[in-house]
Amino acid sequence: MAQRAKSKQTRWLSALLAVIVLAATILWSTWGADEPAGVDAQQARDQLARLVVAEEDTGNPYDRDDWPHWSAQGESCDTREEALKRQGAEVRTGAACKVESGSWTSLYDGVTITNAREADLDHVVPLAEANRSGTRHWTREQRKAFANDLDQLLVVSARSNRQKGDQDPAKWLPDASHSCEYAVKWVAVKSKYELTVDRAERETLDSLLARCPR
């Protein structure tokens, strides 16, 4: 009897241990899900180290019309509509890809948007900032590609978009809970297009990325 009770207790302990291991695995896989994985932050640090540091080219005239945006993305959708579809929840579209309903969470301030007309589509690296960051000799097609790059467009609240304007991370950042993800995205865009960073911008990004989860 004693041997049988001991065997039963051993099986019970084994089952309990399996449950604990499973729970720990699930918790580990979701820990920090709101922030980019450590490898992404490390990649951003490596990318930042390779960016050229230079003063902003403030003498390069900026005209938004020189950066054609909201171009066709296929299936009757333009860039704005495609971004709304990709980044929203339960998005429904009607004729000509017009977004009729859905919800979006603004990365910059956590605001939930339920009316597509009230959503802003923001370039992570603003067009005017790009204009100051080594694009003086870009062609119109290069500017068009940048302005319609879905990898650097975010659906955000109008209020946060107005607050940001064309400022870089040294002058404006989103809510602290999203500053790491924002820094990773910013560096990814500047690296992709081989844009320059000014000294204050680089120091701010370096400080942000150093605090990202590893």
Inset, instruction - Give a yes or no on whether the backbone of S71 and the side-chain of N148 come within a donor-acceptor separation of less than 3.5 Å. - result: yes

Inset, instruction - Determine yes or no for a side-chain-to-main-chain donor-acceptor pair under 3.5 angstrom, with Q167 supplying the side chain and K164 the backbone. - result: yes

Legend entry - Ion pair check, R162 and D120, cut-off under 4.0 Å: yes

Legend entry - From CG (D109) to CG (D175), nearest 0.5 Å: 6.0 Å

Legend entry - Residues, nucleotides or ligands: over 12 heavy atoms within 6.0 Å of K144 NZ: no

Inset, instruction - Look at E82 together with R86 and state whether they make a salt bridge at an N to O cut-off of under 4.0 Å. - result: yes

Legend entry - Distance-only side-chain donor-acceptor flag, R50 / Q47, under 3.5 Å: no

Inset, instruction - Rounded to the nearest 0.5 Å, what's the gap from CD1 on I113 to CG on L84? Could you check? - result: 9.0 Å

Inset, instruction - Please check if the side chain of T135 supplies one atom and the backbone of W138 the other of a donor-acceptor pair under 3.5 Å. - result: no

Inset, instruction - Kindly work out whether a path of hydrophobic side-chain contacts (I/L/V/M/F/W/Y, heavy atoms less than 4.5 Å apart) joins V53 to V189. - result: yes

Legend entry - Greater than 12 external heavy atoms within 6.0 Å of E100's CD: yes

Inset, instruction - Would you confirm whether E118, through its side chain, and N115, through its main-chain N or O, come within 3.5 Å as a donor-acceptor pair? - result: no

Inset, instruction - Using a cut-off of 6.0 Å, state whether more than 12 heavy atoms not belonging to Q142 lie near its atom CD. - result: yes

Legend entry - More than 12 heavy atoms of other groups within 6.0 Å of E75 CD: no

Inset, instruction - For the pair D166 and R132, find out whether any cationic side-chain nitrogen is under 4.0 Å from an anionic carboxylate oxygen. - result: yes

Legend entry - Side-chain (Q163) to main-chain (A158) donor-acceptor, under 3.5 angstrom: no

Legend entry - Residue R92 excluded, over 12 heavy atoms near CZ under 6.0 Å: no

Legend entry - Point-to-point distance, once rounded to the nearest 0.5 Å, from CG of L208 to CG of L173: 5.5 Å

Inset, instruction - Answer yes when K190 and E201 have at least one side-chain N-carboxylate O distance shorter than 4.0 Å, and no when they do not. - result: yes

Inset, instruction - To the nearest 0.5 Å, tell me how far D122 CG sits from L154 CG. - result: 6.5 Å

Inset, instruction - Please list, chain by chain and in numerical order, all residues satisfying ring-ring contact (aromatic ring centres under 6.0 Å, His included) with H69, sequence neighbours excluded. - result: none

Legend entry - K98 atom NZ, over 12 foreign heavy atoms within 6.0 Å: no

Legend entry - Residues R211 and S207: side-chain donor-acceptor under 3.5 angstrom: yes

Inset, instruction - Say whether, by atom type as modelled, one donor and one acceptor occur between the side chain of S179 and the main chain of A176 under 3.5 angstrom. - result: yes

